[in-house]
Amino acid sequence: MVFLKVRHRRRAAIALALMIWGVSFFLHFFWEMVQVPFFSDMTEARHWDVVWLCTRATIGDANIAIGAYAVSAWISRDWFWGVGGWRRTSLSVYLAVGLLVTIIFEYWATGRGVRWNYSELMPVVTWSGTGVIPLAQWVLMPLITVLVVRWMFLGWLTSRAK
């Protein structure tokens, strides 16, 4: 971002990373809680057990999100791509990395990892065995995240300028 002074870029980069992780955490936690019926034995589990499982999953989701953002920033050579003018490449890499990690992790978690199973309500992509809802999560949540973070970050910059 051209309008950031060089001495403020490091602080702005850290603030942006925290915003991406935090917003992503909030959005993914909401999604994790909503998709509970699509996983076996979750609707019968105790409430706090479900909250704890969803919290752990959400920490992983937020880490994937910041990692995918960092890969996209590395490829585009612009840490601030999400709050400036988006290029198709940056956004595509961000989404692709999140989707790829999700497909690999869901394949492992529902197979050899034996971490969870889908309920009969979960539509599954036949070629990967990945649930459609986790895939939708990694298209919708990253898009919403960058929109919200852009709004937050520009507001943060404006408040710092005053």
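Nothing here was measured: the structure is a model prediction, and the numbers come from that model.
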Tell me which donor-acceptor pairs under 3.5 Å the side chains of residues 140-151 have, and how far apart each pair is, sequence neighbours excluded?
unit_1: Thr145; atom_1: OG1; unit_2: Met141; atom_2: O; d: 2.7
unit_1: Arg150; atom_1: NH2; unit_2: Gly84; atom_2: O; d: 3.2

Where [X] and [Y] come nearest, the two heavy atoms and their spacing:
{"X": "Ala62", "Y": "Ser24", "answer": "CA-OG, 3.8 Å"}
{"X": "Tyr118", "Y": "Ser40", "answer": "O-OG, 3.0 Å"}
{"X": "Ser119", "Y": "Pro37", "answer": "OG-O, 2.9 Å"}
{"X": "Ala45", "Y": "Val50", "answer": "CB-CG2, 3.7 Å"}

Task: Residues Asp41, Trp116; criterion side chain to side chain donor-acceptor pair (under 3.5 Å); working and verdict - done: CA-CA 9 Å; Asp41 303 324; Trp116 56 76; over 6 Å; no
Check residues 123-135 and write down every donor-acceptor pair under 3.5 Å in which the side-chain atom is one partner and the other belongs to a residue at least two apart or another chain.
unit_1: Ser128; atom_1: OG; unit_2: Thr130; atom_2: N; d: 3.1
unit_1: Ser128; atom_1: OG; unit_2: Thr130; atom_2: OG1; d: 3.0

TODO: Give a yes or no on this: more than 12 heavy atoms of other residues, nucleotides or ligands lie within 6.0 Å of atom CZ of Arg56.
DONE: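 Buried by this count: over 12 neighbours within 6.0 Å.
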[Y] reachable from [X] in the ILVMFWY side-chain graph, under 4.5 Å edges:
{"X": "Ile103", "Y": "Val139", "result": "yes"}
{"X": "Trp74", "Y": "Tyr94", "result": "yes"}
{"X": "Phe30", "Y": "Ile64", "result": "no"}
{"X": "Ile59", "Y": "Trp52", "result": "no"}
{"X": "Phe39", "Y": "Tyr107", "result": "no"}

So [Y] and [X], do their side chains get closer than 4.5 Å, heavy atoms only?
{"X": "Leu157", "Y": "Phe153", "result": "yes"}
{"X": "Gln35", "Y": "Met42", "result": "no"}
{"X": "Met152", "Y": "Val23", "result": "yes"}

Task: Side-chain donor-acceptor contact under 3.5 Å, Trp31 with Asp61 - done: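 Result is no, nothing qualifies.
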- [ ] Would you kindly say whether Ser76 and Trp81 are connected by a side-chain donor-acceptor distance under 3.5 Å?
- [x]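 Short answer, no.
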Task: Phe25 and Phe29 aromatic ring geometry - parallel, tilted or perpendicular at 30°/60° bounds - done: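 Geometry flag for Phe25 against Phe29: parallel rings.
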Straight-line distance of [X] [atom1] to [Y] [atom2], nearest 0.5 Å:
{"X": "Thr110", "Y": "Arg115", "atom1": "OG1", "atom2": "CZ", "answer": "12.0 Å"}
{"X": "Leu91", "Y": "Leu95", "atom1": "CG", "atom2": "CG", "answer": "4.5 Å"}
{"X": "Ser90", "Y": "Asp78", "atom1": "OG", "atom2": "CG", "answer": "7.0 Å"}

Is the backbone of [Y] close enough, under 3.5 Å, to the side chain of [X] for a donor and an acceptor to pair up by distance?
{"X": "Tyr69", "Y": "Trp21", "answer": "no"}
{"X": "Trp79", "Y": "Ala73", "answer": "no"}
{"X": "Ser72", "Y": "Ala68", "answer": "no"}

TODO: Step by step, work out the side-chain contact (heavy atoms from CB on, under 4.5 Å) result for Met33 and Thr58.
DONE: CA-CA 10 Å; Met33 293 300 287; Thr58 302; over 6 Å; no
Task: From CA spacing to verdict: side-chain contact (heavy atoms from CB on, under 4.5 Å), Glu106, Trp138 - done: CA-CA 12 Å; Glu106 290 284 325; Trp138 280 97; over 6 Å; no
